[in-house]
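Comments concern the structure below.
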Amino acid sequence: MGNYAKYSGDAAGVQELPDNTTIAICPDGYWWLAPACRHNISECIPVITAGIGWKLQAMMQWTTAYGIPAAITISGDWTHFVKHVRTVRSLFYWWVPDSTFIEMQPSEIVFPRHSANAWARGDKTTGAAGVYISKMASTNLESKAGRVQEFVANMEFELPEVQDMLLEYQTLGSDEIRRVACNWMKNNEERWRSWVPAETDTNCLSGFGLVDAQGAFLDSRTGATGCGLCPAGRASEEVRDLIGKTYRCSRCPRGYFQASTYATQCEPCPKGTTSDSYGSVECQRCQQGFYQEAPAQSGCKLCPASRSTMLLGAASLAQCVCRAGLIEEDGLCLPCPEGLWCPLGSTIPRLRSVQGADDSLPHVLRGFHSETAAPLALYKCQDDFCPGGSPGTCSGGRQGITCGHCPVGQYWMSDQCETCGAVMYAWIGAVLVICTAIFSSYYLLTSMYTAKASALGCTTASLGMMLSTFQTLGVLYLVQVDWPQGLREVLEFCAIFTMNLDNLGFICVVEGDAYGYLALCSFFLIVTLALPTVGAVTRRVNALKRRGLEWDPYKTLSTTGQFLQVSFTTLANVGLRPFMCYNHPTGEHSVLKYTEVVCGEGDHVVMAVFGSLVLLLLTVFFTACCYLAKVAPKLSGKPQLLTLRFLIFRFRADVWWFGLVFLARGPLLSLPAVIATDMPALTLTLMLCILLASLGAQMWFLPWKSPILNLMDAVTIMLLVLLLAISLGLARTTLDLDILQQCATVVSSCMLGSLAFLILLSLGALIHRRALGGQDEFWLLNLGLLPDPAEIYDHLGEVAENMKSLSPAQKQELLGNIAKLSVYDLDIVMRSVDILADDLALEMTELRSFGSRISTQQRSIRSEAGGWNLVARLSRLSRRMSMASRPSRMPTSFSPEADADGKEAKEVNEVNEVNEVNEVSEVNEVREVGATEGLCLPSEPTESAAL
């Protein structure tokens with residue numbers, strides 16, 4: 001509308017809006033008034049247009065430039081437009097030829113000849129551009145019907161003539177169109193006959209070609225008898241000779257094709273396609289790995305080495321992309337690093353722009369991460385933290401090359417980073433509570449060592465067993481395995497007991513992985529040194545000594561040992577963490593627990609030093625425990641025995657040393673993660689072997705005082721073994737498959753070797769007639785030498801004589817001591833009585849059997865009257881029979897009230913020496929009496945005695 005005011009000068013007819021657009025002014029909202037009648041509306045001639053305002057601006061300029069008193073409006077729709085034109089005497093926009101208003105015989109208003117340049121500038125005062133109405137026909141009509149095409153080409157009509165036929169059609173009705181055409185042909189026969197082309201036998205039309213009598217195509221009229229339709233693969237080519245123009249069907253050359261009949265020319269093969277033969281009906285697309293950038297070619301070009309095409313029919317060298325497993329950077333195809341998915345056509349820009357994990361596009365795999373600036377530098381990380389996709393993607397707002405930490409001031413909680421808030425103060429309170437509990441534990445360790453399990457002892461042992469299980473599961477959490485949902489949450493919780501404190505906001509207290517690790521190590525080292533230091537201080541403060549609050553040195557050492565024993569597995573795991581380094585695809589190494597710490601650089605060196613101090617502490621502690629376990633029998637009845645209460649109080653007297661096995665299991669379970677950090681399947685296999693060895697030792701020795709504890713410990717270890725076996729199916733075995741195969745070979749060889757050794761041993765015993773049950777048999781068959789029957793007989797005599805000589809008071813005291821025996825010792829005593837009754841045929845009155853067994857004398861199989869599992873009885877019996885001499889036993893109790901000078905212990909020792917002398921003299925008297933009465937031992941063991 002801005003051009004109207006510019007070229008007409010009628011500023012009053014338009015209005016400029018604030019947004020610099022111009023609109024026509026319609027006083028009533030419908031009609032625009034031309035300047036010629038704007039002062040008197042009654043003089044205005046209606047001008048109607050439709051649609052979006054067909055030629056509206058031109059009409060406005062025409063009425064203003066030529067003084068036409070017009071009022072211009074736009075009909076709302078087509079129906080109203082036709083109605084308005086038919087019912088209102090007006091000017092209107094229309095075109096011809098058309099039959100809509102043909103009966104009205106409208107006349108055209110002629111304006112000056114159209115000026116394209118003026119209209120292009122916006123000056124529309126000249127007439128509108130006319131449109132030439134060309135002849136319309138079907139596509140490729142010349143090939144389909146050449147004579148028809150020539151006939152149509154000769155047709156010519158005048159516009160008034162067409163309008164007259166339209167008027168006749170409108171007058172007669174829509175069903176009389178054929179009648180209108182027929183009337184014209186009757187009245188203009190001479191005219192249309194001149195349009196019909198001439199016909200000869202060899203004057204072929206376009207789309208046809210010369211053929212002989214057999215229908216074969218010819219190149220000239222020689223031998224031609226007619227014309228034939230050009231088939232696919234040929235094109236009608238014009239030929240001129242002395243007779244005139246004709247056509248022949250020529251085969252398409254190489255690089256060209258024709259898929260249609262009646263064709264007048266062969267089409268060149270498009271880019272990316274070729275034709276290597278004459279008369280091709282279609283072109284063949286270039287195969288994958290080939291391209292062709294030019295049309296009309298007979299062959300494709302091979303892509304450069306390491307490149308291929310994504311699809312068939314590549315039309316340029318640019319479509320030769322890097323092959324699968326390669327990625328393009330700076331025009332070069334580079335090997336795809338581990339952790340990156342590189343399908344065909346991978347490029348760095350496509351990698352950076354990918355959304356999610358689309359296998360058709362390059363993307364970072366789950367469990368790996370790379371920075372946007374260096375997308376090919378891949379780092380391994382936890383699957384939960386590194387979802388994969390485009391470079392730079394971390395879960396929940398985490399940061400770092402391995403998505404290893406949250407931003408400063410935040411910690412990882414559930415699935416995202418959360419603000420620390422009051423977490424720091426909660427940790428300070430928690431540390432104070434833990435330290436208070438540790439130092440208060442001194443006052444809880446008051447019970448003496450007893451052979452019989454107490455309710456408190458069972459509860460304490462159960463809690464320790466549960467803690468050990470949690471620690472083992474926490475160690476398992478560090479293995480690089482895709483744990484399923486549910487189990488992952490359980491292991492994540494158990495990891496807290498191995499000081500995996502990420503989810504508890506420990507990072508809010510000590511920022512940075514290295515400082516957090518140093519804080520953990522320092523805590524254990526400080527507490528270990530603080531316990532004996534506090535004990536020494538209390539013994540030097542007179543005020544505490546007067547109130548009896550000073551710490552006993554032996555009990556202090558026991559408290560320190562108890563702290564180290566409870567945290568031994570955790571300490572071993574913490575100390576070994578800096579040495580658990582796994583490989584990245586870049587060749588660098590990161591600490592398994594602290595993935596942002598690169599091994600061998602900066603913080604890792606300091607962490608390794610502190611880890612070594614923790615391991616040194618564990619080594620010293622374990623060495624001290626080994627020494628204490630060795631000298632424990634010598635400390636029987638002495639107050640020094642309290643020093644190693646933490647090591648022995650949970651176990652039976654004859655396997656007091658089993659605490660060493662319990663201690664060693666923790667570090668051994670953490671060690672495979674150091675040896676095979678990058679090989680989770682091998683790590684799980686080694687852990688499985690350690691647990692199986694622990695299970696075997698537990699089942700063999702049954703170390704716990706209570707049977708239920710032995711049962712639950714065995715069940716727990718078996719479930720852990722089952723969990724590890726299942727986890728092997730979840731582990732990635734790409735790196736350690738060869739090592740696992742070698743391990744399988746070694747295990748199979750050992751199994752076959754053990755079977756062969758057993759067979760050879762049995763054959764050797766058979767050859768030498770040394771079967772089980774005799775003193776002259778192979779010691780290896782019984783895993784030790786059997787005791788001398790004469791010595792056993794002497795001991796039985798001593799026991800019998802002592803039992804007969806007991807006074808009533810001594811008998812009551814003996815009954816009380818028997819009640820204090822552990823269930824396993826009572827079991828052994830009762831089974832010994834059963835053996836004496838059954839196999840040695842000793843007379844006893846009202847004997848009650850403690851279990852079922854087969855007699856080797858005249859007795860039949862006895863019924864079960866209660867007792868323990870048969871397998872457990874046989875295992876314990878065989879274990880005791882296999883020993884050449886009875887091992888040392890821990891005492892069932894000791895007196896912690898002995899003074900520091902050991903006077904009371906000395907008196908006890910003197911009494912023991914006197915008793916030993918008396919016992920020896922009594923035994924000698926019994927032996928002399930036995931010899932006088934003619935009692936003797938057989939020179940060769942009988943079957944009963946041997947069994």
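This is a predicted model, so every value here is computed, not measured. Side-chain atoms are counted along with the backbone in the values below, which use heavy atoms only and exclude waters and symmetry mates.
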Is it the case that [X] and [Y] place a side-chain donor and acceptor less than 3.5 Å from each other?
{"X": "Asn203", "Y": "Arg221", "answer": "yes"}
{"X": "Gln57", "Y": "Asn3", "answer": "no"}
{"X": "Ser115", "Y": "Thr126", "answer": "no"}
{"X": "Thr309", "Y": "Gln319", "answer": "no"}

Just checking [X]: does its [atom1] atom have more than 12 heavy atoms from other residues, nucleotides or ligands closer to it than 6.0 angstrom?
{"X": "Ile25", "atom1": "CD1", "result": "yes"}
{"X": "Leu312", "atom1": "CG", "result": "yes"}
{"X": "Leu17", "atom1": "CG", "result": "yes"}
{"X": "Glu156", "atom1": "CD", "result": "no"}
{"X": "Arg285", "atom1": "CZ", "result": "no"}

Sulfur-sulfur distance Cys342/Cys322 under 2.5 Å: no

Separation of SG atoms, Cys403 and Cys386, below 2.5 Å: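 Looking at Cys386 and Cys403, their sulfur gamma atoms do not lie closer than 2.5 Å, so the answer is no.
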
Separation between [atom1] of [X] and [atom2] of [Y], rounded to the nearest 0.5 Å:
{"X": "Ser275", "Y": "Glu267", "atom1": "OG", "atom2": "CD", "result": "13.0 Å"}
{"X": "Leu33", "Y": "Cys44", "atom1": "CG", "atom2": "SG", "result": "5.0 Å"}
{"X": "Ile348", "Y": "Leu334", "atom1": "CD1", "atom2": "CG", "result": "7.5 Å"}
{"X": "Asp415", "Y": "Ser395", "atom1": "CG", "atom2": "OG", "result": "8.5 Å"}

Quick check against the 3.5 Å criterion: does [X] have a side-chain atom that pairs as donor or acceptor with the backbone of [Y]?
{"X": "Gln292", "Y": "Ala314", "value": "no"}
{"X": "Ser236", "Y": "Phe208", "value": "yes"}
{"X": "His80", "Y": "Gly76", "value": "no"}
{"X": "Gln170", "Y": "Glu168", "value": "no"}
{"X": "Arg366", "Y": "Gly388", "value": "no"}
{"X": "Gln214", "Y": "Ala216", "value": "no"}
{"X": "Arg352", "Y": "Thr372", "value": "yes"}

Under 4.5 Å between any side-chain heavy atoms of [X] and [Y], yes or no?
{"X": "Phe290", "Y": "Cys303", "result": "no"}
{"X": "Ile48", "Y": "Phe81", "result": "yes"}
{"X": "Glu176", "Y": "Tyr169", "result": "no"}
{"X": "Lys245", "Y": "Asp241", "result": "no"}
{"X": "Phe217", "Y": "Ser250", "result": "no"}
{"X": "Ile109", "Y": "Leu91", "result": "yes"}
{"X": "Met59", "Y": "Tyr93", "result": "yes"}

Residues forming a side chain to side chain contact (heavy atoms under 4.5 Å, CB included) with [X], sequence neighbours excluded:
{"X": "Glu16", "answer": "Asn20, Thr22"}
{"X": "Asp219", "answer": "Arg248"}
{"X": "Ala224", "answer": "Thr202, Leu210, Leu218"}

Closest approach of [X] and [Y], non-hydrogen atoms and distance?
{"X": "Leu376", "Y": "Pro337", "answer": "O-CG, 3.6 Å"}
{"X": "Pro112", "Y": "Thr125", "answer": "CD-O, 4.3 Å"}
{"X": "His84", "Y": "Ser75", "answer": "ND1-OG, 3.0 Å"}
{"X": "Gly226", "Y": "Cys204", "answer": "O-SG, 4.2 Å"}
{"X": "Ser390", "Y": "Val364", "answer": "C-CG2, 4.4 Å"}

Aromatic contact, Trp341 with Phe368 (centres under 6.0 Å): no

Sequence-distant partners of Glu161, salt bridge (charged side-chain N to carboxylate O under 4.0 Å, His left out), two or more places apart: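 For Glu161 the salt bridge (charged side-chain N to carboxylate O under 4.0 Å, His left out) partners, ignoring immediate neighbours, are Arg191.
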
Residues that Glu282 engages under salt bridge (charged side-chain N to carboxylate O under 4.0 Å, His left out), provided they are two or more places apart: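 Scan of Glu282 (salt bridge (charged side-chain N to carboxylate O under 4.0 Å, His left out), adjacent residues dropped) gives none.
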
Side chain to side chain contact (heavy atoms under 4.5 Å, CB included) partner of Leu56, the single match among Thr73, Val47, Ile74: Ile74

Ion pair check, Asp358 and Arg350, cut-off under 4.0 Å: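 So Asp358 does not pair with Arg350 through a salt bridge.
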
NZ/NE/NH1/NH2 to OD/OE distance under 4.0 Å, Glu293 and Lys301: yes

Sequence neighbours excluded - disulfide (SG to SG under 2.5 Å) pairs with any residue from residues 93-128: none

Residue pairs passing the salt bridge (charged side-chain N to carboxylate O under 4.0 Å, His left out) test where at least one lies in residues 63-90, sequence neighbours excluded: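 Counting only pairs at least two positions apart or across chains, the salt bridge (charged side-chain N to carboxylate O under 4.0 Å, His left out) contacts touching residues 63-90 are Arg86-Glu103.
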
Could you work out, with ring pair (Phe, Tyr, Trp, His ring centres under 6.0 Å) as the rule, every residue matching [X], not counting sequence neighbours?
{"X": "Tyr30", "answer": "none"}
{"X": "Phe157", "answer": "Trp184, Trp195"}
{"X": "Trp95", "answer": "Trp54"}
{"X": "Phe385", "answer": "Trp412"}

Pairwise ring-ring contact (aromatic ring centres under 6.0 Å, His included) hits with a residue in residues 109-130, at least two apart: Trp62-Phe111, Tyr66-Phe111, His114-Trp119

Pair Leu172-Val180, side chain to side chain contact (heavy atoms under 4.5 Å, CB included): steps then yes or no: CA-CA 8 Å; Leu172 295 178; Val180 173; 4.0 Å; yes

Whether Trp78 and Trp94 hold their rings parallel, tilted or perpendicular, with breakpoints at 30° and 60°: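 Plane angle between 30° and 60°, so tilted.
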
Glu328 vs Ser346, side chain to side chain contact (heavy atoms under 4.5 Å, CB included): CA-CA, chis, key distance, verdict: CA-CA 6 Å; Glu328 184 174 353; Ser346 298; over 6 Å; no

